[in-house]
Amino acid sequence: MTRIISDDERTALNAFVDGELEAREMAVWASRIAGDRALAAARDEIEATREVVAALERPAVSSDFLARIEAMAAPASATAAKPARRWTEGWQNIAAAVVITALVASSATYYLSSPRGTSFEALVADAHRRSLLAASPVDVLSSDRHTVKPYLDAHLGLSPPAPDLATQGYPLVGGRVEVIGQQPVPTLVYRHNEHTISVVARPGTTAAAAPKPLASGGYNMVEWSGDGFAFTAVSDLEPDELRSFVADYVTATRSP
Amino acid sequence: MVRAPSGGRTDRPQIRQAVDQDRAAELFHQIVVPHLADGLALARWLAGNASDAEDIVQDACMRALRGLDGYRGGSARAWMLTIVRNTAFSWLARQRSSALVMVGDLADIDEATSANAPGGAELQPTPESELIRQADQRTVTAAIAALSLPTREVLVLRDINGCSYKEIAEVLNLPIGTVMSRLARGRQQLAAAVKRAEQ
């Protein structure tokens with residue numbers, strides 16, 4: 001009746017919980033777990049362990065620290081006056097300059113908040129491109145919005161609505177924390193056929209705005225706002241397809 | 001790609017240098033800066049405290065900036081975390097920190113405890129995982145710190161940094177199978193230590 005879980009079984013269970021098995025193996029293990037209480041208990045314990053670790057407070061990137069790091073790679077124009085100086089001798093001045101630039105920029109408008117003056121859309125396109133180059137476009141791999149939302153909550157203290165749109169042809173792949181213009185923002189990742197769609201959700205917007213098509217950095221985008229977030233969907237999908245994804249997302253989040 | 005070929009002298013070396021510097025700054029913003037939070041989290045768990053983590057990551061960023069042309073595409077996060085990890089190790093070696101030395105012995109205790117865990121889990125399957133969920137941050141933090149270094153870094157890369165198995169294998173330069181078995185063992189030891197503390 002009771003039995004010990006073998007090391008191999010435990011390893012597979014961990015990979016199952018992490019969504020790291022092949023699709024076929026995932027299905028095999030899902031049914032094995034359903035029919036075996038010992039496996040189910042071990043799976044529960046792995047999930048609980050994973051959750052308490054993920055919920056731990058992470059060291060924050062302080063603005064002071066970020067300024068120090070940014071100053072290291074200050075463009076040539078900023079350091080040209082004193083090219084012979086080592087960074088350690090001059091970083092305080094540069095850091096101060098970066099801090100002031102950041103303050104001025106962020107008090108003006110979010111769209112200009114990058115110290116390099118790049119548009120928000122270009123930064124979103126960069127972020128999307130980076131995520132496609134990475135081993136995985138998501139930090140938390142899950143088609144279950146009950147996993148994605150707690151992950152974003154734990155890392156950022158907020159999370160946008162994350163409806164699963166699998167029946168509409170846009171399964172939820174997971175979520176990640178994106179840093180855009182020096183601000184961490186929750187990002188949802190959906191898939192449509194072989195295309196990846198990133199939905200960047202900046203908090204703090206009160207006014208609702210209808211979807212508006214855009215393009216930047218070779219990607220199509222749609223911007224809209226509601227539910228306290230300003231959303232930007234970015235993908236290599238055709239504009240029409242991306243618009244219909246956004247329509248489905250908006251419908252799913254507006255329904256009670 | 002980033003640097004001028006060493007033999008390529010131009011009439012105006014300072015212009016070439018300026019162009020290179022701009023390009024390096026751009027790459028630095030795309031590859032390194034987005035992963036500062038992940039770098040700090042990893043360094044914090046390798047060093048044992050948050051204040052050393054900033055020093056380590058700052059040092060790692062200097063190395064990353066100098067070595068930008070060593071980035072060959074792929075996961076920028078894995079590349080950055082590899083540098084953070086290497087920096088942390090040389091930093092810890094310099095500091096002769098006890099954090100690196102103390103962990104080995106405690107792993108034995110965890111192994112002994114975890115051997116008893118599966119038997120207990122059979123009796124009350126659900127309360128076991130509930131017990132873990134109720135653990136407070138200090139308990140979990142202490143339990144992670146008590147893991148052996150090889151186990152701890154896999155667990156931190158997965159559950160705190162959120163790396164894929166592939167990325168972890170890249171950062172640690174290990175086969176994926178080893179990553180998987182270390183992660184399974186790490187979570188099991190952690191669960192056992194947390195349950196022991198909660199009981």
>> Assess whether a salt bridge exists between A/Arg58 and B/Asp38, defined as any Lys/Arg side-chain N lying under 4.0 Å from an Asp/Glu carboxylate O.
In response: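 Yes, A/Arg58 and B/Asp38 are salt-bridged.
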Are [X] and [Y] close enough that some pair of their side-chain heavy atoms sits under 4.5 Å apart?
| X | Y | result |
| --- | --- | --- |
| A/Asp126 | B/Gln30 | yes |
| B/Gln58 | A/Met72 | yes |
| B/Val33 | A/Glu70 | yes |
| A/Val61 | B/Leu40 | yes |
| A/Val52 | B/Val194 | no |

> Contact part of B/Phe28 toward chain A, heavy-atom cut-off under 4.5 Å: side chain, backbone, both or neither?
Replying inline: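 Side chain only.
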Let me confirm one number: the [atom1]-[atom2] distance from [X] to [Y], rounded to the nearest 0.5 Å.
| X | Y | atom1 | atom2 | answer |
| --- | --- | --- | --- | --- |
| A/Leu123 | B/His29 | CG | NE2 | 10.0 Å |
| B/Arg133 | A/Glu45 | CZ | CD | 10.5 Å |
| A/Ile69 | B/Met62 | CD1 | CE | 9.5 Å |
| A/Thr49 | B/Gln188 | OG1 | CD | 9.5 Å |

Tell me, side chain or backbone of [X] under 4.5 Å from chain B's heavy atoms, or both, or neither?
| X | answer |
| --- | --- |
| A/Ala42 | neither |
| A/Glu47 | both |
| A/Ala55 | backbone |
| A/Asp18 | both |

